[in-house]
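Hydrogens, waters and symmetry mates are skipped; everything else that's a heavy atom, side chains included, is used. Every chain is numbered from 1, with letters handed out A, B, ... down the list of sequences.
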Amino acid sequence: MDLTFSDSELAFRDELRGWLAAHHPGPEPAGEAAGLEHRIEWQRELAAAGWAAVYWPREYGGRGATLVESAIFNEELARARAPYPANVLGLVLGGPTLMVHGTQEQRDRYLPPIVTAEEIWCQGFSEPGAGSDLAALKTRAAKVDGGWRVTGQKVWTSFAQRAKWCMLVARSDAEAPKHKGLTYFLMDMEQDGVLVRPLRQITGAAEFNELFLEDVWIPDENVVGGVGNGWAVALTTLMNERAGLAFGLQVALKVLLDELTEQADQRGLLDDESVAERLGDLHVRAEILRLTAYRGLTAQMKYGQPGPEGSLTKWMWSETNQRATELAVELLGPEALATDSPWAFELLRARGNTIEGGTTEILKNIVAERVLGLPRSR
Amino acid sequence: MNFDFTDDQREIKRTARELLTARSSMGRVRAAAEGGGYDDALWHELVGLGWSGIAIDEQYGGQGLGVLELAILLEELGYAVTPSRFLSNAAAGLLIEASGSDEQRARLLPGIADGSATATLAFARDGVAELVGDADSAAHVVLIEDGLTDATATIHATAELEIEPRETVDPTRCFARVRAASPELGEPLVGTLAPGLDRAEIALAAELTGLAQRALDMTVAYVKERRQFGTPVGAFQAVAHHCAQMLMETEGARSATYFAAWAADADPEALPRGASLAKTAASDAGLHATAAAIQLHGGIGFTWEADVHWLYKRAHVDAAQLAPARVHRARVARLAAAGIARSSPAAAA
């Protein structure tokens with residue numbers, strides 16, 4: 001066991017720190033669209049310097065970094081309070097999924113433009129009638145000569161208005177059992193029949209979209225992992241989602257907690273034992289999250305793909321982030337609830353944390369069934 | 001960065017699990033709790049294997065391995081709920097080795113390592129410690145006054161103390177109230193206490209982590225077997241989600257305890273935070289998981305006959321030793337605040 005960074009990991013970190021200090025993109029402009037353009041520009045700058053996809057192989061525009069270096073990248077980005085690159089879904093979900101299930105042609109074709117943000121990706125999994133029960137999705141893919149015609153509706157689709165490619169899971173065989181009749185496609189968003197409508201959240205912002213698909217064309221070569229194998233491919237994407245985002249999220253949480261601790265300290269609130277205990281509890285949770293994420297990383301380096309344990313860290317993070325924002329508004333008083341306070345947004349946004357990327361209830365089911373081996377629950 | 005055991009550490013864990021499964025079954029735990037007392041043959045075997053001196057320097061008769069190796073053993077002893085003076089002796093050894101003088105180390109550690117003159121420790125007020133593990137069989141008791149931050153500690157030969165055996169909720173181990181005729185009588189522990197106390201807290205955290213893991217394993221096995229409404233009760237989400245929660249807290253306790261033990265061996269700057277993380281997380285996991293184990297065993301879990309209550313009782317007594325989790329939580333917040341103040345531009349100027 002060695003919980004320090006090696007010399008080469010430290011060199012990687014220091015080089016990145018230096019680069020980030022010199023190239024920080026500055027504050028994000030207001031508005032969803034302007035913010036996204038800002039992050040696309042930011043990703044181009046990262047990509048030009050070889051920082052956009054550090055864990056990817058060099059042949060696809062990555063840096064060939066180790067998993068630990070990749071974790072360091074996420075930590076440093078959050079520590080510098082620099083935004084995540086715009087094409088996060090391509091970088092964290094789509095690319096890694098193609099590296100496992102894609103053909104060589106697909107990798108050569110799709111991976112490089114993910115890194116450069118030339119082609120933004122979005123994710124078409126959830127539907128109005130298929131949230132936690134993802135395999136119940138109804139979007140239909142009908143076989144036609146040379147490809148597929150897709151009709152249906154998707155929801156919670158970030159970046160849809162700007163995306164070129166959508167990771168789409170659709171029902172390609174209505175007769176098969178529900179987990180068996182699914183296929184994972186790469187759908188071109190720039191065609192007739194794809195309609196994007198913004199979806200406003202409780203924060204007032206429209207970070208997500210609804211997606212309406214009407215007779216949309218997908219050629220055969222855009223099937224990923226084989227017809228009828230969509231569930232397995234989708235699980236790869238979901239596990240990368242839970243494990244891959246953990247490092248950035250845990251540091252963002254730590255940044256938030258440090259900010260709260262500093263403000264509480266300046267107001268003398270840490271002299272109150274009960275405040276110190278509650279704040280300390282959140283620091284304990286955040287640290288444990290980081291340590292558990294690194295333990296998971298060591299396991300992943302030994303055994304390959306991220307395991308269902310990623311569900312644990314996503315669950316820990318979401319609950320701790322919610323508690324942190326709630327404690328913040330309690331300690332800082334009514335001014336934290338004015339909409340010009342960043343805490344007000346954080347408070348509301350955190351409510352989504354225990355829902356997005358797998359509700360806590362579903363994550364508990366996954367942990368119970370796949371880690372503890374309990375019978376399938378109902 | 002490698003957050004995993006070495007092959008040697010894995011081997012220690014495997015050997016410990018094997019030996020304790022054979023020699024420290026729940027039947028033995030029950031026998032000890034119901035008046036049988038400690039198993040002397042097992043104690044001599046553990047001493048013979050070098051376990052009692054595993055983290056003690058070789059020049060004092062120990063194995064010269066780290067706090068991490070000791071934590072591995074303690075986690076397994078917790079897992080087995082082994083009735084033993086091992087924990088109190090090991091915790092006192094950590095304190096004396098980290099916070100004693102060379103002369104104190106040379107005089108006291110060999111007896112702790114070879115079991116011939118064991119030691120124990122406890123928080124005390126005005127020379128009285130209400131609950132001291134294994135004081136009756138120890139040669140020395142370290143009494144720590146004034147808690148975690150401004151503590152002072154004195155070593156007492158048990159012959160100079162009033163020792164009154166005291167039953168606790170955990171009948172698997174021996175406790176006593178200890179009174180020093182006069183607090184000034186003891187011999188001060190001369191070094192800085194925090195590094196020693198932090199190591200002792202990690203020892204408690206390791207045992208608590210093992211208790212939590214055992215509670216989880218026994219419960220998962222039970223809810224797979226126990227059927228109600230025509231189905232194993234583990235198929236009900238209300239039950240399954242409790243189990244998932246137990247796993248999350250247990251894994252968190254393990255991450256924190258290994259980190260703290262590693263810090264004790266390799267990164268002194270991270271030790272205060274690490275020890276407080278470990279005691280907090282392991283107390284929470286130990287108390288919650290062992291309580292959930294009783295709940296999820298249903299009516300049978302509330303009977304004397306089921307074994308889950310030994311875990312709950314042991315966890316409570318462990319968590320109550322030295323500084324409780326709430327003290328460590330507040331410490332973590334203040335350490336964080338001090339770290340932020342240090343790293344701010346104003347502090348650098």
Portion of [X] that has a non-hydrogen atom of chain A nearer than 4.5 angstrom:
X        : result
B:Ala266 : neither
B:Leu68  : side chain
B:Gln245 : both

Option that, when pairs with chain B are counted at under 4.5 Å, heavy atom only, ranks first among [options]:
options                                : answer
A:Leu297, A:Val284, A:Thr261, A:Val367 : A:Val284
A:Thr292, A:Leu257, A:Leu289, A:Val371 : A:Thr292
A:Val68, A:Leu282, A:Val275, A:Asp258  : A:Asp258
A:Arg295, A:Arg278, A:Lys302, A:Lys364 : A:Arg295
A:Gly373, A:Gly296, A:Ser6, A:Ala276   : A:Ala276

Let's go through A:Tyr55 and A:Glu69 carefully: what are the C-alpha distance in whole Å and the side-chain angles of both, what is the deciding distance for side-chain contact (heavy atoms from CB on, under 4.5 Å) to 0.1 Å, and is it a yes or a no?
CA-CA 8 Å; A:Tyr55 180 55; A:Glu69 288 167 343; over 6 Å; no

Charged N-O contact under 4.0 Å between [X] and [Y]:
X        : Y        : value
A:Arg290 : A:Glu287 : no
B:Asp4   : B:Arg10  : yes
A:Arg323 : A:Glu346 : no
B:Arg334 : A:Glu273 : yes

Assess, by modelled atom type and distance only, whether the side chains of [X] and [Y] contain a donor and an acceptor separated by less than 3.5 Å.
X        : Y        : answer
A:Asp2   : A:Thr4   : yes
A:Trp19  : A:Glu15  : no
A:Glu259 : A:Gln263 : no

Top residue by heavy-atom pair count (under 4.5 Å) with chain A, among [options]?
options                      : result
B:Phe259, B:Tyr258, B:Phe5   : B:Phe259
B:Ala240, B:Ala253, B:Ala325 : B:Ala240
B:Asn2, B:Val223, B:Val239   : B:Asn2

What part of A:Asp281 lies closer than 4.5 angstrom to a heavy atom of chain B: side chain, backbone, both or neither?
both

Counting only heavy atoms closer than 4.5 Å, note whether A:Glu9 contacts chain B via side chain, backbone, both or neither.
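Side chain only.
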
Between A:Asn321, A:Thr325, A:Thr320, A:Thr360, which is the residue that forms a side-chain hydrogen bond (donor to acceptor under 3.5 Å, both in side chains) with A:Asn353?
A:Asn321

